[in-house]
Enquirer: 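Submitted below is the structure of interest, expressed as structure tokens.
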Amino acid sequence: MIDPKLLRSDLDAVVANLSRRGFSFDVARFEQLESRRRDIQVETQAFQTERNASAKNIGQAKAKGEDIQPLLDAVASLGDKLKAAEESLAEVQGELESMLSGVPNLLHESVPAGKDEDDNELVRTWGEPRSFDFNAKDHMDLGADGSIDPDMGAKLTGARFVVLNGEIARLHRALIQFMFDLHTQEHGYQEVWVPYLVNEDSLRGTGQLPKFAEDLFALKGEREFYLIPTSEVPVTNFARDRIFESGELPQKFVCHSPCFRSEAGSHGRDTRGLIRQHQFEKVEMVRLEKASDSWEALEELIRNAETVLQRLELPYRVVNLCSGDIGFGASKTYDIEVWLPGQEKYREISSCSNMTDFQARRMLARSREGQSKPELIHTLNGSGLAVGRTLIAVMENYQNADGSIAIPEALQPYMGGLEKILQPS
RNA sequence: GGAGAGGUGGCAGAGUGGUCGAUUGCGAUGGUCUUGAAAACCAUUGAACCGUUAAAAGUUCCGAGGGUUCGAAUCCCUCCCUCUCCGCCA
């Protein structure tokens with residue numbers, strides 16, 4: 001949620017910023033709601049003041065043994081008036097709330113203008129796409145021996161689910177361990193393990209609800225739990241309803257979890273292979289930062305994610321998402337796109353965002369220096385990396401003409417020293 | 001699943017339906033004293049909203065949501081969470 005005070009004090013700037021996303025803010029409706037809110041709130045509080053005062057008087061009169069009936073008569077109608085006022089206040093506040101919760105975050109000035117992913121700004125590239133002296137296969141062909149089994153996934157569950165077997169399943173697991181060790185031992189992140197089911201409050205805190213409910217898997221039954229779409233949700237919500245004292249920030253977490261996404265609205269896209277699954281693994285970095293430190297933290301975060309690919313010697317590029325492509329809650333996002341020989345394309349493998357105070361405001365996550373007033377913190381998150389897509393990248397970039405796959409040096413310790421897998425028998 | 005006990009400010013822990021946003025202790029911050037520190041003493045010390053140049057004043061919040069009442073931390077209902085014992089279980 002953006003700062004409602006900013007909407008009152010500097011509406012034009014907010015509207016201009018939002019229009020860069022192509023979001024048109026209904027100024028007339030907002031101002032109408034806001035002025036109604038103010039009138040009703042003043043009225044309600046006046047009634048409350050009156051109620052408090054009269055209740056106090058009655059109490060004192062009663063204590064002295066006086067006749068309180070006249071006092072009771074005097075406030076007879078107050079209750080109904082107050083109740084009506086409180087109800088309409090709740091109503092107008094609810095309308096404002098739902099209006100504001102649909103407003104995306106303000107963009108950082110460095111976010112390039114643009115309509116879609118074609119307008120993203122290239123920040124840097126690393127490594128050279130390898131040239132093959134044979135026809136490079138994609139990961140599905142490489143795993144066609146049953147290592148990657150979409151039919152079994154479909155049988156067990158449905159479309160966009162998959163079973164991994166043998167050495168490929170092990171490689172998948174090795175990637176997770178490798179990423180964890182890198183981020184904890186070299187980048188200073190604290191390893192955490194979290195629930196994969198969360199409540200509504202947590203999803204509200206990070207912004208998936210109320211607007212993006214259709215992207216989530218929800219549990220049936222008496223409890224309203226949701227499967228997490230990313231461990232950003234539980235980990236960032238550590239900060240919900242908290243005030244961090246000076247010295248407690250920054251906090252840097254790394255977490256691995258399965259991620260569950262309904263992929264509503266992406267029918268027909270990336271139907272082949274592991275690119276877009278309903279269930280995938282992700283190693284996620286989450287940072288809780290003082291507001292003044294968050295932009296520097298974003299640069300470090302993206303470098304931390306890039307290091308994974310550098311160690312795996314996978315070519316990639318970094319792009320600065322344009323105003324039309326950036327996510328709802330982010331103020332600025334860098335994507336890392338890894339080279340996939342099977343598609344001869346760079347494909348997203350990590351997304352690192354500074355959410356500024358957007359999530360913190362919803363969560364009431366604050367920090368305090370000494371005795372000063374609490375201020376909202378900034379939250380950041382970035383994949384480090386999406387494991388399934390990293391698996392694809394390793395398979396496709398390290399493939400040999402005979403269909404076997406070399407293991408990147410950095411991963412060999414995690415593969416029991418194996419240098420090659422899927423060797424033809 | 002069964003039985004019981006609880007959820008109050010950073011922490012601990014009081015609170016007969018009425019001067020209770022809440023006694024007290026600890027902690028923290030400032031001050032007195034001291035060469036300095038400790039101790040002692042004094043003072044300050046929750047958050048959100050609204051509002052203001054800044055204040056003040058005002059409203060709300062005692063797990064959450066409803067209800068009763070002129071008035072609710074206190075009474076009633078529903079839900080959530082924690083703890084103890086029993087049962088079952090990875």
Side-chain angles (χ1 to χ4, degrees), chain A residues 1-10 30-31 33-101 193-205 209-210 218-219 221-226 234 237-249 251 357-377:
Chain A
M1 178 146 19
I2 62 173
D3 188 354
K5 281 186 196 133
L6 212 53
L7 281 168
R8 277 171 241 149
S9 64
D10 205 358
F30 173 74
E31 286 184 330
L33 278 174
E34 186 46 26
S35 98
R36 264 188 65 206
R37 197 266 314 150
R38 196 170 335 153
D39 292 347
I40 297 174
Q41 184 163 349
V42 167
E43 185 192 36
T44 306
Q45 292 189 357
F47 284 141
Q48 287 170 330
T49 309
E50 196 181 332
R51 177 203 59 197
N52 293 344
S54 71
K56 205 176 247 186
N57 283 337
I58 292 170
Q60 285 170 344
K62 205 174 170 186
K64 288 185 211 148
E66 294 167 8
D67 178 17
I68 58 170
Q69 194 54 46
L71 290 168
L72 289 181
D73 294 343
V75 296
S77 65
L78 183 62
D80 290 341
K81 285 191 285 188
L82 176 58
K83 197 168 180 186
E86 281 175 339
E87 272 166 13
S88 46
L89 180 62
E91 191 188 326
V92 69
Q93 277 175 334
E95 280 178 59
L96 264 174
E97 166 90 24
S98 80
M99 182 178 185
L100 290 179
S101 67
W193 182 84
V194 298
Y196 303 151
L197 298 177
V198 293
N199 59 31
E200 213 175 303
D201 285 344
S202 293
L203 288 159
R204 238 169 244 289
L209 290 179
L219 255 58
E222 71 265 38
R223 300 294 298 275
E224 295 236 343
F225 290 149
Y226 295 82
N237 272 279
F238 288 176
R240 172 150 52 86
D241 294 320
R242 270 202 65 179
I243 300 177
F244 295 95
E245 301 299 336
S246 42
E248 287 187 303
L249 293 181
Q251 294 200 2
D357 60 10
F358 190 81
Q359 295 178 323
R361 182 167 294 105
R362 293 172 169 230
M363 293 192 298
L364 266 186
R366 293 146 296 168
S367 65
R368 170 166 54 203
E369 288 298 316
Q371 304 293 92
S372 61
K373 252 196 90 177
E375 70 164 0
L376 295 170
I377 67 167

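Residue numbers start from 1 in every chain, and the chains themselves are labelled A, B, ... in the order their sequence lines are given, proteins ahead of strands. None of these values were measured; they are calculated from a predicted model.
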Enquirer: With rounding to the nearest 0.5 Å, note down the distance linking CZ in A:Arg38 to CD in A:Glu43.
Expert: 15.0 Å
Enquirer: Is any side-chain heavy atom of A:Glu97 closer than 4.5 Å to one of A:Met1?
Expert: yes
Enquirer: Between B:rG13 and B:rA73, how far is it from one C1' atom to the other, in whole Å?
Expert: 14 Å
Enquirer: Measuring from A:Lys62:NZ to A:Leu71:CG, what's the distance to the nearest 0.5 Å?
Expert: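 Going from NZ on A:Lys62 over to CG on A:Leu71, the span is 12.0 Å.
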Enquirer: Are the side chain of A:Arg37 and the backbone N or O of A:Val92 linked by a donor-acceptor pair below 3.5 Å?
Expert: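 Not confirmed, A:Arg37 side chain does not pair with A:Val92 backbone.
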Enquirer: Under 4.0 Å, counting only non-hydrogen atoms across every strand here, what does A:Asn199 touch: a base, just sugar-phosphate, or nothing?
Expert: nothing
Enquirer: Scan A:Glu87, A:Glu50, A:Arg51 and name whichever one has a side-chain contact (heavy atoms from CB on, under 4.5 Å) with A:Leu82.
Expert: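 Of the listed options, the one satisfying the test is A:Arg51.
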Enquirer: Could you state the CZ-P distance from A:Arg366 to B:rA47, rounded to the nearest angstrom?
Expert: 8 Å
Enquirer: Under 4.0 Å between a side-chain N/O of A:Arg51 and OP1 or OP2 of B:rU69, yes or no?
Expert: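 Negative; the distance criterion is not met.
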Enquirer: With distance as the sole test, does A:Arg362 use its side chain to make a donor-acceptor pair with the main-chain N or O of A:Ser101 at under 3.5 Å?
Expert: yes
Enquirer: Does B:rG58 have OP1 or OP2 sitting under 4.0 Å from an N or O in the side chain of A:Thr49?
Expert: no
Enquirer: Please report the distance separating the P of B:rC80 from the corresponding atom of B:rA22, rounded so that it comes out in whole Å.
Expert: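 So the two P atoms sit 33 Å from each other.
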Enquirer: Assign each of A:Arg38 and A:Gln45 to its nearest nucleotide of RNA chain B by heavy atoms, then name whichever residue's nucleotide is nearer the 5' end.
Expert: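 Checking each residue's closest nucleotide, the 5'-ward one belongs to A:Arg38.
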Enquirer: How would you label the contact of A:Arg368 with the nucleic acid (heavy atoms, under 4.0 Å): base, sugar-phosphate, or nothing?
Expert: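 Sugar-phosphate, no base atom in range.
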Enquirer: B:rA72 pairs with which nucleotide, Watson-Crick or G-U wobble, both distances below 3.5 Å?
Expert: none
Enquirer: Rounded to the nearest 0.5 Å, what separation is found between the CZ atom of A:Arg366 and the CG atom of A:Asp357?
Expert: 13.0 Å
Enquirer: Between B:rU16 and B:rG7, how many Å separate the two P atoms, rounded to a whole number?
Expert: 13 Å
Enquirer: Please name the nucleotide paired to B:rA3 by Watson-Crick or G-U wobble geometry with both distances under 3.5 Å, or report none.
Expert: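 Its partner is B:rU84.
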Enquirer: Given the C1' atoms of B:rC20 and B:rG46, what is the spacing between them in whole Å?
Expert: 15 Å
Enquirer: Do the side chain of A:Ser372 and the main chain of A:Arg368 share a donor and acceptor less than 3.5 angstrom apart?
Expert: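 Between the backbone of A:Arg368 and the side chain of A:Ser372 there is no qualifying donor-acceptor contact (under 3.5 Å).
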Enquirer: Closest approach to the side chain of A:Val75, judged atom by atom: which nucleotide of B:rC70, B:rG58, B:rA48 is it?
Expert: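 Minimum distance to the A:Val75 side chain belongs to B:rC70.
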Enquirer: Distances under 3.5 Å between protein N/O atoms and the N/O atoms of nucleotides 12-21 of chain B, please, pair by pair.
Expert:
residue : atom : partner : partner atom : Å
B:rG18  : O6   : A:Lys62 : NZ           : 3.0
B:rG18  : N2   : A:Ala55 : O            : 2.7
B:rU19  : N3   : A:Gln60 : NE2          : 2.9

Enquirer: Given that both distances must come in under 3.5 Å, which nucleotide forms a Watson-Crick or G-U wobble pair with B:rU44?
Expert: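 B:rU44 is paired with B:rA28.
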Enquirer: Provide, to the nearest angstrom, the distance between the CD atom belonging to A:Gln41 and the P atom belonging to B:rA57.
Expert: 18 Å
Enquirer: Taking atom P in both B:rU23 and B:rU44, what distance in whole Å separates the two?
Expert: 13 Å
Enquirer: Just the rounded figure in Å: distance from P of B:rC50 to CZ of A:Phe47.
Expert: 21 Å
Enquirer: Is the distance from OP1 or OP2 of B:rU60 to the nearest side-chain N or O of A:Asn52 less than 4.0 Å?
Expert: yes
Enquirer: Taking atom types as modelled and ignoring hydrogens, do the side chains of A:Asn199 and A:Ser202 form a donor-acceptor contact shorter than 3.5 angstrom?
Expert: yes
Enquirer: In whole angstrom, what separates A:Asp3's CG from B:rA48's P?
Expert: 13 Å
Enquirer: Tell me: CD of A:Glu87 to P of B:rG67, nearest whole Å?
Expert: 8 Å
Enquirer: Under a 3.5 Å cut-off for both distances, is B:rA37 Watson-Crick or wobble paired, and to whom?
Expert: none
Enquirer: Is the closest side-chain donor-acceptor distance between A:Asn52 and A:Gln48 under 3.5 Å?
Expert: no
Enquirer: Grab the CG-C1' distance between A:Leu82 and B:rC70 for me, whole Å please.
Expert: 12 Å
Enquirer: Now, which nucleotide makes the Watson-Crick or G-U wobble pair with B:rC62, with each of the two distances under 3.5 Å?
Expert: none
Enquirer: Say we look at B:rU8 and B:rA64: how far apart would their P atoms be, to the nearest angstrom?
Expert: 10 Å
Enquirer: To the side chain of A:Gln48, which of B:rU60, B:rG58, B:rG67 is closest?
Expert: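 Nearest nucleotide to the side chain: B:rU60.
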Enquirer: Return the nucleotide paired to B:rU19: Watson-Crick means purine N1 to pyrimidine N3 with N6-O4 or O6-N4, wobble means G-U with N1-O2 and O6-N3, both under 3.5 Å.
Expert: none
Enquirer: Between B:rG21 and B:rG36, how far apart are the P atoms? Round to whole Å, please.
Expert: 44 Å
Enquirer: Could you check how far NZ of A:Lys81 sits from P of B:rC70, rounded to whole Å?
Expert: 15 Å
Enquirer: Atom NZ of A:Lys83 to atom C1' of B:rU68: distance rounded to whole Å?
Expert: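 In whole Å, B:rU68 C1' and A:Lys83 NZ are 11 Å from each other.
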Enquirer: Start at the 5' end of RNA chain B and walk down; is the nucleotide closest to A:Glu245 or to A:Phe225 reached first?
Expert: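 Counting from the 5' end, the first nearest nucleotide belongs to A:Glu245.
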Enquirer: Rounding to an integer number of angstrom, what distance separates B:rG27 and B:rC33 when you compare their C1' atoms?
Expert: 22 Å
Enquirer: Touch check for A:Arg8, heavy atoms < 4.0 angstrom, all strands: base, sugar-phosphate only, or nothing?
Expert: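 Sugar-phosphate: the residue A:Arg8, judged by heavy atoms under 4.0 Å, touches backbone atoms but no base.
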